[in-house]
Amino acid sequence: MGILEVKGVNKRFGGLQALGDVNLSVQENTVHAIIGPNGAGKSTLLNCLVGKLIPDTGSVMFDGQSVLGRKPHQINQMGISRVFQTPEIFSDLTVLENIMIPCFAKRDGAFRMHALESFAHEKELLEKAEAMLADVNMLDKRHMHSASMSRGDKRRLEMAMCLVQEPKLLLLDEPTAGMARADTNNTIDLLKEIKEKRDITMCIIEHDMHVVFSLAERITVLAQGRPLVEDVPENIKGNPKVQEAYLGEAAA
Amino acid sequence: MTEQATNTPIAKPKAPPSIVASTGFLGLNRKDATLLALVVVLTMLAPFILNPFPEGSGMAQFNAGYPDLMQRFVIFGIFAIGFNILFGLTGYLSFGHAAFLGVGSYAAIWMMKLVTLNIIPAIILSIIFAGLFALLVGFICLRRSGIYFSILTLAFAQMSYALAYSVLTPITGGETGLQIKATDRPILSGLEPGEIGRANFFGIDMRTSYELSLGDWLFTFNAGYYIAAVVMLLSFYLSIRIFRSPFGMMLRAVKSNQQRMSYTGLNSKPYTLAAFVISGMYAGLAGGLMVAMDTQVGPERMFWTASGEVVLMAILGGVGTLIGPVLGAGMIKYMENIISKINETILHQWFAFLPDGLEDFVVSMIYPFIGKGWHLTLGIVFMLVVIFLPGGLVEGGQKIAGLFRRKAKTDDTPSKTPAE
Ligand SMILES: Nc1ncnc2c1ncn2[C@@H]1O[C@H](COP(=O)(O)OP(=O)(O)OP(=O)(O)O)[C@@H](O)[C@H]1O
Ligand SMILES: [Mg+2]
């Protein structure tokens, strides 16, 4: 049994079968990559895992419990964090505040009335947040308005926001898209480091094969909403079906 | 609003005040404590500050230091501070906040009619009732956001107005409203037979005033004003604490990105509802104080224009700033009470030095903007502020402060954010 078990998930958008009978099993403490050509349904699949979309049929079990029918914040509280394809951060807030919010969410749950409390009494959380920022090399930017950062920085910030929650499962949707080569390599190192330090399962969608093959222990290939193959990276590289899926797209 | 600010050279996208700023006095950081102290001094000295012109001089009509108006300044200040907790922090624009003000007023007057003429229980009851009503209205209206939320709150407020105006006449007194009458015998106040009850604070009549005349100047110190002012200062202090608390940060997160909030494990609904109820309670407090100062209430207090006014106050002063709403409230109430009192005769007096034809021309040009035309003046001021100072009067103040600072220091050290 994997920590995440997706069984027979279907999702239609009007006439388009975005996901067709998808099965996926992600083992605890592994990095599982989902690859596939544009429009294959990768983001749609993640949306079904975090409660943004509800599958038409099928089941999604996380840690032995169904996530279906739960609200996004409840699913997050179960231990799933997600990095979006386009960075989703609190752009009106400072970098440090962006990190503090998930810290509060982790400690206090979905809602707490702390209207008369002060940050001065939150030394522990502040230290945790600053340590996280140091890990992603953003400590010097902590008082910056997060809207004014580069796209790459926003992505790293979003990743830090997810990591500081110490999720059991981290979902990453193209975490290095739009990043410079150096930043991409830093991100790979960061994820590797996180992997070594903590018990964490990652599910990563990526077009950059360098990232995929540096991190992934298992790979699922999606094409036109259907899982094509699932295997270890070595076997994926030479698999003719996979090449066909990508080439098919290139030819179209 | 930040986007617009980015385009102007002076207002660079400022990071919100650091959350790690050390807290000293009363749990406020130094900047906030300074601001609070400044507001304390200004409100306490308001009878002097608002009466700069000697009695009998031509400018005396610009004096605003009379009890009635000063009370209105601080009461509407409270209303606007509360409104800003919802609108400024969460971005949810309520167009129905006057309903909570009205509910607070009705609750207070009934407390005074039936139980006691002491204003404190009346005000407490008005806060409780407004809070409960806000809980109901918020629970329903917060199912939607953006313009739909605004329309729902407007609908609720108009419904409340209609109820108060006709359906609930036995409770609200209908069109004429409620006053304290000679027949009212509150159980806890030993009134003489036939004596009309007066609102008091442990025996101090709200209308007690001490007049101080210094030369040509006359200053009035009114008990009601000082009580309302102290309540306003407490409300202001509370709002600073809320703004700077983790809860305040969550409310700003609601405004910034609700999607990220829910994928971070936070339920934005109760946060927004809490802000809505708190701001409804502020409105109820303002409504209760209004009754405490002037023991009557009518349904027009809940009319949509009253709800619109508080929106104007917040925007005019500076949405999301601490002091902005108070400034906006002061400005609007000043214009409503002062500009509306200028009439044609006064204009002729002012421009008497001009040649006759020119005098008539100038007067006829200005005339539409005074007296009943004060709304026109307000409209123009509002447009100018929104277009040129999207951050409201507070942004204007910051720009002026910035200019002075640059003159004072010609070196290129970046200017620090002035107190909001
Ligand atoms: N909310 C939606 N409504 C309608 N169609 C959608 C919706 N979301 C996705 N689709 C469609 O479903 C298909 C799969 O989209 P999805 O975003 O999952 O692809 P993807 O594999 O993430 O692609 P990419 O690599 O470009 O991000 C696409 O054809 C897309 O247009
Ligand atoms: Mg995608």
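In what follows, every chain begins at residue 1, and chains take the letters A, B, ... in the order their sequences are listed.
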Ionic contact status for Glu97(A) with Arg252(B), cut-off 4.0 Å: yes

Neighbour count >12 (heavy atoms, 6.0 Å) for atom CZ, Arg198(A): yes

Within 6.0 Å of CD1 in Ile54(A), more than 12 heavy atoms from elsewhere: no

[X] (side chain) donor-acceptor with [Y] (main chain) under 3.5 angstrom:
X	Y	result
Ser262(B)	His73(A)	no
Asn257(B)	Phe90(A)	no
Ser245(B)	Ser118(A)	no

What part of [X] lies closer than 4.5 angstrom to a heavy atom of chain B: side chain, backbone, both or neither?
X	result
Val164(A)	neither
Met161(A)	side chain
Ile75(A)	neither

Residues of residues 102-112 of chain A contacting chain B, heavy-atom criterion under 4.5 Å, by residue number: Pro102(A), Phe104(A), Ala105(A), Gly109(A), Ala110(A), Phe111(A), Arg112(A)

Among [options], which has the most heavy-atom pairs under 4.5 Å with chain B?
options	value
Ala147(A), Pro167(A), Ser146(A), Ala115(A)	Ala115(A)
Gln77(A), Arg82(A), Glu88(A)	Glu88(A)
Ile101(A), Ile80(A), Leu116(A)	Ile101(A)

Residues Arg260(B), Glu158(A); criterion salt bridge (charged side-chain N to carboxylate O under 4.0 Å, His left out); working and verdict: CA-CA 9 Å; Arg260(B) 181 27 97 196; Glu158(A) 192 187 19; 2.6 Å; yes

Nearest heavy atoms of Ser256(B) and Ser91(A), plus distance in Å: OG-N, 3.1 Å

Chain A-proximal positions within residues 263-283 of chain B [heavy-atom distance under 4.5 Å]: Tyr263(B), Thr264(B), Gly265(B), Leu266(B), Asn267(B), Pro270(B), Tyr271(B), Ala274(B), Ile278(B)

Point-to-point distance, once rounded to the nearest 0.5 Å, from CD of Gln259(B) to CD1 of Ile89(A): 13.0 Å

With Pro246(B), the side chain to side chain contact (heavy atoms under 4.5 Å, CB included) member among Met100(A), Met113(A), His114(A): His114(A)

